[in-house]
Amino acid sequence: MIDDYKEHASLAVAFQAIIVSLSQKSKHLPTLKKDRTALIVRCVRWGYEVLSYGRNMKVILEAPLHDKDCVLGNILAAHYLSSCDPSKVNLYVKSASSKLERSTPYEKAVFETVTYLISEDKDDDLAFEMHIELLKRFPKDLVYLKRAQVLSFQMAKPVPFLNLVQQVLPANQDESYIHGMLAFPLLELGRMEEAAAASRKGYGINKEDALAHHCFCHVLQHKCHFKEAVECTHNWWHVALCYLEGGSPMSKVKEIYDNHIWKELEKEDAIPPEVYLNALGLFLRLDVRDVLDGFKDRLELLAARLTDQFRKAVCLPPSGFTLNILPWICWVLWTSRNALVFEDKRSNPEDIALKGLRLAKDWMEAQGKTSESKIPPKPKESKDRPPDSSENPPPIVCATDAAWNASRKTAGLGWTFSGPSLTATTQGSRIQASVNSPLIAEALAVRTALYMALTLDFTNLKVCSDNSTLIRAITSKSQSKEIIGIVSDIQVISSEFTSISFSFIPRSENSVADGVAKADWQLDILIVWALAKVGETSMAHELLEGLKFRLSKMNKKKQQVMQKAIQLGEAVYEYAKGNYKQALCLLGSDFNAIDYKATKMFGTALLMCAAKEVIRKRIKVREGSPFTWCLLEKSYAMEGDAEALNAGQRAKMLESSYF
């Protein structure tokens, strides 16, 4: 089996826990057969993709096809699907659970860790502790060391992860990937020489170790060795960043953006959110340098792409009509105009709209029409087994949710789209005013999601909501008066799809629509800045309100962590509009984006909103960075401090010394 992967010589040891677990012979497991060998290959290949930042992690979905009863294959598939097709997660978890008693100790440990990791309202600290316990028993499992790294990064706790790496290091001294993972927390803690040494060792063992390579480039960049960093890295965003920070001509940054960063979208395996994140992060830095004008057309193009679907997802008021009501509205407008001109009788807009709707309803009833639409029967319950990969074509799963504010009569609407045909889960949210009940809010969430699905050209849809009253109203004649109009709209829109079904799911299975992973906030906050920067302030504000809605759906512990993301979003919104002092006031004097790991990717740029004391501390560590001096200049200028001139002169002097 390992012969299939000779090009990755260290896999046999690096994934020893997986191989031993799946190939061991016991009274419960048959002698190793061809199917089990194929299963091991898929699991090992998946592990390699995880550690090497590969783009073929979906290979794990093939594992259960070779052994549908394998606990490890099913639970790893569930872990993968939790981020791209959450509607199928439960099927794989149940499949794994049904065979858990006959599984190996390693499979049981992974099952326990993964099921908690993908559960609703998990506690990150407890999840990390579970990884520590797993690695005490199976120190060779570098895949779950990688998962622990992601957790520690999201929690902004590099010290516990460093301790964990050092715990398993003796068992993996000569293996790939371990030294890159050692370098990462050292880098975060500012222990640059140790990080450089670990990176060199990892790169010496395996030149394909992307993390070791990345960390070493960061060390060079930190030391202001920008030319060496450019020659070292293969990450084009990182190259552009080094040119920008080192004071290179903007033409070089523009060339890299046009020919590499933006062109990434043309690749078949491109991940658009990552491209947008890189592009917007670069544009924000350019804005801080006051050189964004040369990239304005590119920012506008990106903003147009991001807002195209946003514009189409208009949340219309409920009407309950299946015909075009425009003629009746126009007629009432005409008669109201005549009454004003000839009789001096005035009508308010609400009365005109109601009269038009009443006439349309009278006409519809006179013609014998009803607002009922045919809805396919409820889908049959799936059996407790992994779904058949031969489904053609599989439906897109749409999960919806809503949060209602009784005092303000507003609602936050949220939805996600997932499925094997999508490269990643697509999600959206919006705030709706004048909503009188939580049931209306849930119905509006479904209707808005259907509008969005049409703009995305989805043809087969499975809609899931955790509101059973709403699902009954849509799929049967059991109607609720307060949502009858919205339900009618939903039924009319449904006729536009080739196939559509509506299903109730428990709230515990609707966690993706109910809350959002921290990593997604990076892109959303950058989009808030971009929209406000190009003049789409109303859309930027609506997205910001949507972030607040998502925050309200989290548990209290996560709300405390993510509250800074909202604070940051409000600040970049004001910054993009030119309200620099207000941005500073929103963040306060002690806010330091560099220490906030949920925004680590563009944390340096967001120092634009930090107090000058924070930037001064940064300069003591990196006195040779022109970009940091530019940030200090910007901070002084925002406060009207004359020291801005000196900081600017220092930045220009340094810029001339690198490129």
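Hydrogens, waters and symmetry mates are skipped; everything else that's a heavy atom, side chains included, is used.
With sequence neighbours left out, the salt bridge (charged side-chain N to carboxylate O under 4.0 Å, His left out) criterion links Lys136 to Glu133. With sequence neighbours left out, Arg55 forms a salt bridge (charged side-chain N to carboxylate O under 4.0 Å, His left out) with Glu264, Asp269.
Residues Asp401 and Ala445 share a closest heavy-atom pair of O-CB, 3.5 Å. Taking all atoms of both residues into account, the shortest heavy-atom contact from Val165 to Ile178 is CG1-CD1, 4.1 Å. Nearest approach of Gly569 to Val528, heavy atoms of both residues: O-CG1, 3.9 Å. Minimum interatomic distance between Cys464 and Val397 (heavy atoms only, all atoms of both residues): SG-CG1, 4.1 Å. Nearest heavy atoms, Ala127 versus Tyr116: N-CE2, 3.7 Å. Between Asp141 and Leu135, the shortest heavy-atom distance links the atoms O-CD2, 3.2 Å.
Side-chain atoms of Asn74 come within 3.5 Å of backbone atoms of Lys68 as a donor-acceptor pair (strictly under, hydrogens ignored). Lys99 places no side-chain N or O within donor-acceptor distance of the main-chain N or O of Cys70, the cut-off being under 3.5 Å. A side-chain donor-acceptor contact under 3.5 Å links Glu107 to the backbone of Thr104. Of the possible donor and acceptor atoms, one in the side chain of Ser103 sits under 3.5 Å from a partner among the backbone N and O of Leu100. Glu188 places no side-chain N or O within 3.5 Å of a backbone atom of Pro158 that could act as its donor or acceptor partner. A distance-only check finds a donor-acceptor pair linking the side chain of Trp237 to the backbone of Asn278 [under 3.5 Å]. Ser97 places no side-chain N or O within donor-acceptor distance of the main-chain N or O of Val93, the cut-off being under 3.5 Å.
Considering CD1 of Ile60 and CG of Leu76, their distance stands at 4.5 Å, rounded to 0.5 Å. With values rounded to the nearest 0.5 angstrom, Asp209 atom CG is found 9.0 Å from His179 atom NE2. A distance of 7.5 Å separates CG in Leu461 from CD1 in Ile396, rounded to the nearest 0.5 Å. The line from CG of Leu211 to OG of Ser52 is 11.5 Å long, rounded to the nearest 0.5 Å. Here the OG1-CZ distance, from Thr113 to Arg147, works out to 12.0 Å after rounding to the nearest 0.5 Å. One distance of note links CD1 of Ile471 with OG of Ser465; it measures 5.0 Å at 0.5 Å rounding.
In this structure, Leu61 and Leu81 have side chains that are in contact, with non-hydrogen atoms separated by less than 4.5 Å. With a 4.5 Å cut-off on side-chain heavy atoms, Leu182 and Leu162 count as touching. Residues Leu164 and Gln167 have side chains in contact (heavy-atom distance under 4.5 Å, counting atoms from C-beta outward). Residues Arg137 and Pro105 form a side-chain contact, since some pair of their non-hydrogen atoms from C-beta on lies under 4.5 Å apart. The shortest side-chain heavy-atom distance between Gln221 and Thr233 does not fall under the 4.5 Å cut-off. You'll find the side chain of Met181 reaches within 4.5 Å of the side chain of Leu142, heavy atoms only. With contacts defined as side-chain heavy-atom distances shorter than 4.5 Å, the pair Val168/Phe138 does not qualify. Using a 4.5 Å cut-off on side-chain heavy atoms (C-beta onward), Glu175 and Asn206 make no contact.
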> So Tyr276 and Leu306, side chain to side chain contact (heavy atoms under 4.5 Å, CB included) or not? Walk me through it.
Replying inline: CA-CA 9 Å; Tyr276 301 151; Leu306 291 169; 3.7 Å; yes

> Passes ring pair (Phe, Tyr, Trp, His ring centres under 6.0 Å), His222 versus His218? Steps please.
Replying inline: CA-CA 6 Å; His222 177 82; His218 266 295; 9.6 Å; no

> Is there a side chain to side chain contact (heavy atoms under 4.5 Å, CB included) between Glu193 and Leu186 once you walk through the steps?
Replying inline: CA-CA 9 Å; Glu193 295 304 323; Leu186 291 170; over 6 Å; no

>> Is there a side chain to side chain contact (heavy atoms under 4.5 Å, CB included) between Leu413 and Val446? Walk through the geometry before answering.
In response: CA-CA 9 Å; Leu413 315 179; Val446 170; over 6 Å; no

> Where do Phe417 and Met452 land on the side chain to side chain contact (heavy atoms under 4.5 Å, CB included) test, with the steps shown first?
Replying inline: CA-CA 10 Å; Phe417 296 110; Met452 178 59 79; 3.6 Å; yes

> Between His213 and Glu208, does a side chain to side chain donor-acceptor pair (under 3.5 Å) hold up when you go through it step by step?
Replying inline: CA-CA 8 Å; His213 201 263; Glu208 300 301 317; over 6 Å; no

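More than 12 heavy atoms of other residues, nucleotides or ligands shown are found within 6.0 angstrom of NZ on Lys108.
For Asn172 and Tyr177, the side-chain atoms include no donor-acceptor pair closer than 3.5 Å.
Checked options Phe216, Phe161, Phe153; the residue passing with Phe184 is Phe153 (criterion: ring pair (Phe, Tyr, Trp, His ring centres under 6.0 Å)).
Ion pairing of Asp125 with Lys157 is present here, as a side-chain N (NZ or NE/NH1/NH2) and a carboxylate O approach within less than 4.0 Å.
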